[in-house]
Engineer: 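Pasting a structure below so you can have a look.
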Amino acid sequence: MSAYDHHTIEAKWQRRWAEQGTFRVPNPGEPGFDSSRPKLYVLDMFPYPSGEGLHVGHPLGYIATDIYSRFQRMQGRLVLHPMGFDAFGLPAEQYAVETGVHPRITTERNVATFTRQLRAFGLSYDWDRTFATTDPGYYRWTQWIFLRLFGSWYDPEQGKARPIADLEAELAAGTRLADGRAWDDLTPAERRAYLDGRRLAYLDEVPVNWCPGLGTVLANEEVTREGRSERGDFPVYRRPLRQWMLRITAYAERLLDDLDLVDWPESIKAMQRNWIGRSEGARVLFPVEGRNAVIEVFTTRPDTLFGATYMVLAPEHPLVDSIVPDTWPAETPASWTGGAVAPRQAVDDYRRWAAGRSELERQAEAREKTGVFTGGYALNPASGAPIPVFLADYVLMGYGTGAIMAVPGEDDRDWEFAEVFGLPIIRTVQPPDGWEGKAYTGDGPAINSGFLNGLLVDVAKPRMIAWLEEQGSGQGAVTYKLRDWLFSRQRYWGEPIPILHGPGGELRPLGDDELPLLLPEVEDYRPRTDLADDAEPEPALGRAPEAWKTVVRDGVAYGRELNTMPQWAGSCWYYLRFCDPHNATALVGVEAERYWMAGRGVDLYVGGVEHAVLHLLYARFWHKVLFDLGRVSTPEPFGRLFNQGYILADAFQDERGVYVAAAEVEERAGVHLHRGRPVVRSFGKMGKSLKNSVSPDEIFARYGVDTLRLYEMFMGPLDASKPWTTRDIVGVHRFVLRLWRALVHPETGALLVSEDLPEPELAALTHRTIAAVTADLEGLRFNTAVARFFELNNALVGRERIPRWVAEAFVRLLAPFAPHLCEELWERLGHPGSVALAPWPEYDPALVAEDTVTLVVQVNGKVRDRIVVSAAIGEEEARARALASAKVAPYLQGSAPTRVVVRLPHLVNIVVP
RNA sequence: GCGGGCGUAGCCGAAUUGGCAUAGGCGCCGGACUUAGGAUCCGGUGGGCGCCAGCCCGAUGUGGGUUCGAGUCCCACCGCCCGCACCA
């Protein structure tokens, strides 16, 4: 063989890596484990094995982590670099439903396809550690973690989760009271309810996002702003339902604070902070006039309390019924009543109207304020004034207390509402001179505010909170946007929830020894999507055999939980399982976890920005629970996170606006045609929806894997989104061919290496390349590393023979990027072992620095001359050489410069008037 | 509206702490090999002038500022991308 034949070489080395287990990495205690080598855990966000297969955009991050892993391995680290599959959930099930095949079959088939495609990229995973979240040996432990969540409560005093048995013991011992009552005074049912209400996994009647089109409920995170399902784009309706919830809100503060511990992109941290949505302020109590009721509000502006001229409750607020009087108070304006003869009717009408409004409608109606008067009044605790209580849908039940004090003078929304209903507006902060706007939300001295007058906002807030606390009218408080995690799904293809339902609402967890609770076979696993929009959801497991659904324990008949876990469950902890994937007695062995997760957990985690909130927040939450329970040793799972950008490509739409297959579009004389019809070009993320995917297969066939890997890295910075340009690949391919030709004779196949030492110039360039590539890889700057390879290669072009030292350094530097090519060259250079295990080349810092440098001579900052000087030049000499320059002389005009700035060894700047 | 980020050649993109702007690739131009080239190889490529040596000029979205010196730092603006959005 003489010309570079990528087909043969790639097949040869991929086979050899598999046969020799080149990338297997042992755990502590296993044969071959070398405790002297530092560990590194490099992880990709694992994929859903969809039925469509990969396009060239998918492996971008995988190639990057593979290169990084190979680099670190050659530097002597023990690198954990695994891959697996997130295979439960809607995509797999939807596909199965469409094709009529059991999801297990399609999932297995897709996993096999994905595995084969990933292997074709030459990725150095330790395939012995692979698994899918659908493997019973894996979801056994997902269920096990659920049982820990069910069996734990959050102790606010210790700020951590603890076994619920501890709580029960403290209650039984009398060191703790249950809502002020002694444990002995509670009935067994009350005790159970008390404990169940404190678990991290609990059942609650909550308003859910019910998606009839998918036959399941969805988490808030899975619903788009338009009120549709993220998957499938079906309409979603709000309705109350009894569901499993996970108490992630208990961890809000820690999830927020611990973002400071991790090295993540600032944008992702910002998105998580935004999602958690911490607000500081106060809870304030407003007594309802003439009733034995109190409305509690949350406000971030307690300093404006004197300006609260009305209140608003969310339509669903539970207190509404108890404050509505039988008749309208005297002198109620007609515009407040919604045309109803009595408050009761007005409230009912408004509630019905608000509930029937979709999110989309609310969006479209541009925030025009609507509402209705409840007929009730509350007392402003600061001013003592009675203020009307309204119902309006601009107040959301899900945030704060579902009620607000309205301060139109300092809040835009309240101002708008006050204008619609003709409510009084009292300014309590002095706006700046010349203020012509409406609500003023800025800083300024308090006015119309009694004891606060003259104080700036930051001073007035704590003063008011202190006053409220004195009066018993409120207290300082913190609120979060984050809500508990809705954990039930009515679909089939998910982890069964290992709970039994007994008489009287008893919840009985399965024992750890009963896991895994396997998914039962059902005849029809399809979701019921033909139900009316308001029908009770029917979990798919409701159609499981009776023998599975009913269990007798201690003579009592229990029914199995029929909901399954959501998509995200399996991906919440898979990084832990990779540390010890075959462990049959624990989710991860203590020693393996301590070793691989040491330091900051996963050392590098690479994936798409689309998981910024969902997956990363849920996984952090589970990790912290496991941390509290002593199962893991780090407070955070992912020490360093990196988001790869998207690969973009041209897309084409026909005259109907429908996307057509970009691969079938031809360009003729600047016009794009699809089957002879003109199409319009646009641009976007490569994928199925824009029909602009490029298959790796055609690239493999023509250029080979190594060229594709190099090209994807060369396109630009890893975190940037960048356009795919098939035309550009040829540049990278030429590099591969050129390097091969420089080392292997094109006709004879002889090795073109000399045993001579490189001349100083080439040696210096090689040392500089080693230094630069090493630094680039440490900083994940793959694109500039590739440019360095081109430069070194360009210096080798035209040489009869390449000095062995240069060739061997080059091949090892390039090996992480182009492993097949470099294995072959390494073997031909006479090395029996894999280049993947060869030591990373070292450079001599003394040789990186050049002997001579170009001294730039500037006059007033403009380059006027360049002089080659010794790198060790002194300041005086540099100054003298610069001033002596003939090219500088005209600018000096014989006069002395005002100043000469010398920056050794590169620059002299002469300042003249 | 709030938050995060980005604007450098025809295109993708380089540029430690402020210090030679435009590395590297594509494209383009010229040449070689060739029946052929949309393969491959060699060279050139900011603009202008020039016989290769060389000289002049311009430029990092716009306008200011700091500095001996700004792609880089500061202020204002323009444009684009992403996330959140009636969150009290």
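Below, chain A is the first sequence line, B the second, and so on; all start at residue 1.
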Engineer: Tell me which nucleotide among B/C12, B/G4, B/U40 gets nearest to the side chain of A/A270.
Structural biologist: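 Between B/C12, B/G4, B/U40, the one nearest the side chain of A/A270 would be B/G4.
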Engineer: Could you check A/H733 against A/R788 and say which one's nearest nucleotide on RNA chain B is further toward the 5' end?
Structural biologist: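 With A/H733 and A/R788 compared, the 5'-side residue is A/R788.
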Engineer: Round to the nearest Å and state the distance from A/L391 atom CG to B/C86 atom C1'.
Structural biologist: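 In whole Å, B/C86 C1' and A/L391 CG are 15 Å from each other.
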Engineer: Less than 4.0 angstrom between a side-chain N/O of A/N794 and OP1 or OP2 of B/G25, yes or no?
Structural biologist: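 Yes, within the criterion.
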Engineer: Within 45 degrees of the ring normal and closer than 6.0 Å to the centroid, is that where the cationic atom of A/R734 sits relative to A/W740?
Structural biologist: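 Relative to the ring axis of A/W740, which defines the angle, A/R734 lies outside at least one limit.
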Engineer: Contact class for A/T300 vs. all strands (heavy atom < 4.0 Å): base, sugar-phosphate, or nothing?
Structural biologist: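 Touches sugar-phosphate only.
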Engineer: Could you measure between the two C1' atoms, the one in B/U16 and the one in B/G1, and give it in whole Å?
Structural biologist: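 Their C1' atoms lie roughly 39 Å apart.
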Engineer: Which whole number of Å gives the distance between the C1' atom of B/C29 and that of B/U8?
Structural biologist: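 The same atom, C1', in both gives a distance of 24 Å.
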Engineer: Across the strands shown, which category fits A/V407 at heavy-atom distances under 4.0 angstrom: base, sugar-phosphate, nothing?
Structural biologist: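 No contact.
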Engineer: State whether A/R734 places a side-chain N or O below 4.0 Å from either non-bridging phosphate oxygen (OP1 or OP2) of B/U40.
Structural biologist: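 For A/R734, the contact criterion (side-chain N or O under 4.0 Å from OP1 or OP2 of B/U40) is met.
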Engineer: Quantified in whole Å, what is the P atom distance between nucleotide B/U45 and nucleotide B/G37?
Structural biologist: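 The same atom, P, in both gives a distance of 26 Å.
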Engineer: So which nucleotide does B/C2 pair with, by the Watson-Crick or G-U wobble rule with both distances under 3.5 Å?
Structural biologist: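 Paired with B/C2, as far as the under-3.5 Å criterion goes, is B/G83.
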Engineer: When the C1' atoms of B/C2 and B/U66 are considered, how many whole Å apart are they?
Structural biologist: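 So the two C1' atoms sit 31 Å from each other.
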Engineer: Identify whether any heavy atom of A/V730 sits under 4.0 Å from a base atom; if not, whether one sits that close to sugar-phosphate; answer base, sugar-phosphate or nothing.
Structural biologist: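 Sugar-phosphate contact only - A/V730 comes under 4.0 Å of backbone atoms but never of a base.
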Engineer: Is it the case that the side chains of A/E368 and A/Y394 hold a donor-acceptor pair, with the cut-off being a distance below 3.5 Å and no angle test?
Structural biologist: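 Side-chain D/A pair, A/Y394 to A/E368: absent.
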Engineer: So which nucleotide does B/U72 pair with, by the Watson-Crick or G-U wobble rule with both distances under 3.5 Å?
Structural biologist: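 Looking at the geometry, B/U72 pairs with no nucleotide.
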Engineer: So for A/N909 and B/C68, does any side-chain atom that can act as donor or acceptor lie under 3.5 Å from a complementary atom in the base?
Structural biologist: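 Indeed, a donor on one side and an acceptor on the other fall under 3.5 Å apart.
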Engineer: Base, sugar-phosphate or nothing for A/R738? Non-hydrogen atoms, less than 4.0 Å.
Structural biologist: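 The answer is sugar-phosphate, as A/R738 gets under 4.0 Å only of primed atoms, P, OP1 or OP2.
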Engineer: Under 4.0 Å, counting only non-hydrogen atoms across every strand here, what does A/R727 touch: a base, just sugar-phosphate, or nothing?
Structural biologist: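 Sugar-phosphate only.
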Engineer: B/U62 and B/G79: how far apart are their C1' atoms, nearest whole angstrom?
Structural biologist: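 Each nucleotide's C1' atom is 10 Å from the other's.
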Engineer: Of all the nucleotides listed (B/U40, B/C68, B/G4), which has the minimum atom distance to the side chain of A/V901?
Structural biologist: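 For A/V901, the side-chain atoms sit closest to B/C68.
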Engineer: Taking atom P of B/A88 as reference, at what distance in whole Å does atom CG of A/L305 sit?
Structural biologist: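 Between P of B/A88 and CG of A/L305: 17 Å.
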Engineer: By nearest heavy atom, map A/V911 and A/D776 onto RNA chain B; which one lands nearer the 5' end?
Structural biologist: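 The residue closer to the strand's 5' end, by nearest nucleotide, is A/D776.
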Engineer: Report the base-pairing partner of B/G27 (Watson-Crick or G-U wobble, both distances below 3.5 angstrom), or none.
Structural biologist: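 Pairing partner: B/U45.
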Engineer: Which listed nucleotide (B/G4, B/C26, B/A88) is nearest to the side chain of A/E266?
Structural biologist: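 The listed nucleotide nearest to A/E266's side chain is B/G4.
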Engineer: When you measure from the side chain of A/S279, which nucleotide among B/A88, B/G27, B/C84 comes out closest?
Structural biologist: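 For the A/S279 side chain, the nearest candidate turns out to be B/A88.
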Engineer: Can you tell me the distance, in whole Å, between the CZ atom of A/R283 and the P atom of B/A88?
Structural biologist: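 Value for this atom pair: 13 Å.
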Engineer: Please state the P separation for the pair B/G48 and B/G10 - nearest whole angstrom.
Structural biologist: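 B/G48 and B/G10 have their P atoms separated by 12 Å.
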Engineer: Among B/U40, B/G13, B/C68, find the nucleotide with the atom closest to the side chain of A/K722.
Structural biologist: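 Within the option list, the nearest is B/G13.
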Engineer: Tell me, please, whether A/Y399 has A/K481 positioned over its six-membered ring: NZ or CZ under 6.0 Å from the ring centre and within 45 degrees of its axis?
Structural biologist: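 No, A/K481 does not lie over the aromatic ring of A/Y399.
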Engineer: Checking side-chain polar atoms at under 3.5 Å, does A/E791 have a donor or acceptor matched by the opposite partner on A/T769?
Structural biologist: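 A/E791 vs A/T769: no donor-acceptor pair found between side chains.
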Engineer: Give one of base, sugar-phosphate or nothing for A/F790, where a contact means two heavy atoms less than 4.0 Å apart.
Structural biologist: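 Sugar-phosphate only.
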Engineer: For B/G37, which nucleotide in any strand shown is its Watson-Crick or wobble partner with both distances under 3.5 Å?
Structural biologist: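 No nucleotide pairs with B/G37.
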Engineer: Say you pick atom C1' in B/C80 and the same atom in B/C86; how far apart are they, in whole Å?
Structural biologist: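 Nearest-Å result for B/C80 against B/C86 at atom C1': 28 Å.
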Engineer: Taking the six-membered ring for Trp and the full ring for Phe, Tyr or His, determine whether the centres of A/F417 and A/F390 are under 6.0 Å apart.
Structural biologist: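 Under 6.0 Å, so yes.
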Engineer: Assess the side chains of A/R899 and A/N909: does a donor N or O sit below 3.5 Å from an acceptor N or O?
Structural biologist: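 The answer is no; no qualifying pair exists.
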Engineer: Would you classify A/P265 as touching base, sugar-phosphate or nothing, given that sugar-phosphate means primed atoms plus P, OP1 and OP2, and contacts are heavy atoms under 4.0 Å?
Structural biologist: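 No contact.
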Engineer: If you check every side-chain atom of A/V863, which of B/A21, B/G83, B/G24 has the closest atom?
Structural biologist: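 Closest nucleotide to the A/V863 side chain: B/A21.
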Engineer: Select one nucleotide: of B/A88, B/G24, B/C20, the one nearest the side-chain heavy atoms of A/I404.
Structural biologist: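 Nearest to the side-chain atoms of A/I404, counting from C-beta on, is B/A88.
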Engineer: With a 6.0 Å cut-off on ring centres, are A/Y310 and A/F421 close enough?
Structural biologist: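 When the ring centroids of A/Y310 and A/F421 are compared, they turn out to be at least 6.0 Å apart.
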Engineer: The side chain of A/Q858 is closest to which nucleotide in this list: B/G24, B/U40, B/G19?
Structural biologist: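 Of B/G24, B/U40, B/G19, B/G19 is nearest to the side chain of A/Q858.
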Engineer: For the C1' atoms, the ones on B/G13 and on B/U17, what distance do you get once it is rounded to whole angstrom?
Structural biologist: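 About 24 Å, rounded to a whole number of Å.
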Engineer: Nearest to the side chain of A/N783 - B/A21, B/A14, B/A88?
Structural biologist: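 The nucleotide sitting nearest to the side chain is B/A14.
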Engineer: Cut-off 3.5 Å, side chains only: do A/Y350 and A/T370 have a donor facing an acceptor?
Structural biologist: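 Yes - a donor-acceptor pair under 3.5 Å links their side chains.
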Engineer: Hey, is the side chain of A/R702 poking within less than 4.0 Å of OP1 or OP2 on B/A39, counting only N and O atoms?
Structural biologist: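 So the side chain of A/R702 is outside the cut-off, no N or O lying under 4.0 Å from OP1 or OP2 of B/A39.
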Engineer: B/C12, B/U40, B/C86: which one has an atom nearest the side-chain heavy atoms of A/D393?
Structural biologist: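 Nearest nucleotide to the side chain: B/C86.
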Engineer: Specify the separation, in whole Å, of atom OH of A/Y4 and atom C1' of B/C41.
Structural biologist: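 Taking OH of A/Y4 and C1' of B/C41, I get 19 Å after rounding.
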Engineer: Partner of B/U17 by Watson-Crick or G-U wobble geometry, both contacts under 3.5 Å, or none?
Structural biologist: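 Its partner is none (no Watson-Crick or G-U wobble pair with both distances under 3.5 Å).
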